[in-house]
Amino acid sequence: MTGVPASAAGGSPKAKATTGGAASAAASSGTASGAAAGAPGGVKPVRGGKIAAAAVNQASVWNVANLLTMLRLVLVPGFVALMLADGGYDPAWRSLAWAAFAIAMITDLFDGHLARTYNLVTDFGKIADPIADKAIMGAALICLSALGDLPWWVTAVILGRELGVTLLRFLVIRYGVIPASRGGKLKTLTQGVAVGMYVLALTGWLATLRWWVMAAAVILTVVTGLDYVRQAIVLRRQGIAERKAALEETEA
């Protein structure tokens, strides 16, 4: 009888061991891949995976844009303390208050741009940014009026407009978003310059100039506020018309 070589009949033991090891490694790799991908099969995910994911999401809040917004919020009480120090009329303290106000205004120009440019927009930033803007401006206006440097009606007009526009945005958000206009940006810049000039203890022609700058800021405040009201009315009408058309199309 002619014998069949062992290599042809069943392969060498070494080959079998190699094949078995490869199969075991492939199975092990498949199991690991399934667990990592979250595929069903009873394999439990790695312990602490949810905690790690939550940590990543939480860490995403700590970006440059949000840090600038937080800085503005921190500057508000510091600005008020500097503004009212030594009775509120010391030129040195008022200069330091102006520096804090200027830093807040400058960060206001950059945080939104950074968030949009580098995809750093977060829910925290959407809420905190407008709060920080209105907090520093409101604190400055109220301090100036309390010290008798600025009429209360000016503070009421500016703050009333800001709060009114914010409320208006929330009321029509179901129909769309009212974008910031060029007039609104010019208003913000003019307000910042005017309030900054009032924070400083200016005299002579500079004191006269700041009155005219504040007058321009008040006019822009009223005009842009009325324009936001017009946009809100148009947006609401368009939204109602689109919903009505969609409902009629569905019923048809």
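Predicted model only: the values in this text are computed from it and were never measured.
- The hydrophobic clustering, which links ILVMFWY residues whose side-chain heavy atoms are closer than 4.5 Å, places Val195 and Leu75 apart.
- Atom CD1 of Ile233 sits about 11.0 Å away from atom CG of Leu235, to the nearest 0.5 Å.
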- Task: Take Thr188 and Met105, measure what side chain to side chain contact (heavy atoms under 4.5 Å, CB included) needs, and give me the verdict at the end.
- Result: CA-CA 9 Å; Thr188 302; Met105 290 295 100; 5.8 Å; no

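- By the 4.5 Å heavy-atom criterion applied to side chains, Arg243 and Arg174 are counted as neighbours.
- The CD1 atom of Ile131 lies 11.0 Å from the CZ atom of Arg72; values are rounded to the nearest 0.5 Å.
- Between Pro151 and Ser145, the shortest heavy-atom contact is O-OG, 3.6 Å.
- A distance of 11.0 Å separates CG of Leu68 from CD1 of Ile106, quoted to the nearest 0.5 Å.
- Using a 4.5 Å cut-off on side-chain heavy atoms (C-beta onward), Val222 and Arg161 make no contact.
- Val80 and Trp93 end up in different hydrophobic clusters when Ile, Leu, Val, Met, Phe, Trp and Tyr side chains are linked at under 4.5 Å.
- A continuous path of hydrophobic side-chain contacts links Leu206 to Trp211 [ILVMFWY only; heavy atoms under 4.5 Å].
- Smallest separation of non-hydrogen atoms from Trp152 and Ile142: CH2-O, 4.0 Å.
- More than 12 heavy atoms of other shown residues, nucleotides or ligands fall within 6.0 angstrom of atom CZ in Arg169.
- The two atoms that bring Tyr175 and Gly239 nearest to each other are CD2-CA, 3.7 Å, heavy atoms only.
- Side-chain contact between Met197 and Trp98 is absent, with no heavy-atom pair separated by less than 4.5 Å.
- The hydrophobic cluster containing Phe170, built from Ile/Leu/Val/Met/Phe/Trp/Tyr side-chain heavy atoms closer than 4.5 Å, comprises no other residue.
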- Query: Hey, mind stepping through Leu209 and Trp205 against side chain to side chain contact (heavy atoms under 4.5 Å, CB included) and telling me if it holds?
  - Reply: CA-CA 6 Å; Leu209 178 62; Trp205 68 272; 3.9 Å; yes

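- Here the CD1-CG distance, from Ile158 to Leu220, works out to 10.5 Å after rounding to the nearest 0.5 Å.
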- Task: Take Asp227 and Lys187 through the test salt bridge (charged side-chain N to carboxylate O under 4.0 Å, His left out) and record every step on the way to the result.
- Result: CA-CA 12 Å; Asp227 183 61; Lys187 177 269 307 178; over 6 Å; no

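- Side-chain atoms of Arg236 do not come within 3.5 Å of backbone N or O of Val172 as any donor-acceptor pair.
- Of all heavy-atom pairs spanning Ile136 and Ala104, the tightest one is CG1-CB, 3.8 Å.
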- Could you walk me through whether Arg210 and Leu200 pass side chain to side chain contact (heavy atoms under 4.5 Å, CB included), step by step? CA-CA 10 Å; Arg210 72 182 181 183; Leu200 288 171; 5.8 Å; no

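- Separation of atoms CG (Leu147) and CG (Leu84) is listed at 6.0 Å; rounding is to 0.5 Å.
- Among Leu150, Leu141, Val193, Val154, the single residue meeting the side-chain contact (heavy atoms from CB on, under 4.5 Å) criterion with Tyr198 is Leu150.
- Between the CG atom of Leu67 and the OG1 atom of Thr107 there is a distance of 11.5 Å, given to the nearest 0.5 Å.
- Hydrophobic clustering (ILVMFWY, side-chain heavy atoms < 4.5 Å, transitive): Leu144 and Tyr89 are in one cluster.
- Across all non-hydrogen atoms, the minimal contact from Ile103 to Leu71 is CG2-CD2, 4.3 Å.
- Nearest heavy atoms, Phe101 versus Ala140: CE1-CB, 3.9 Å.
- Grouping the Ile, Leu, Val, Met, Phe, Trp and Tyr side chains by contacts below 4.5 angstrom, directly or via other members, places Leu96 apart from Val76.
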- Show the numbers, then the answer: is there a side chain to side chain contact (heavy atoms under 4.5 Å, CB included) between Gln191 and Glu162? CA-CA 12 Å; Gln191 280 184 2; Glu162 298 301 327; 3.7 Å; yes

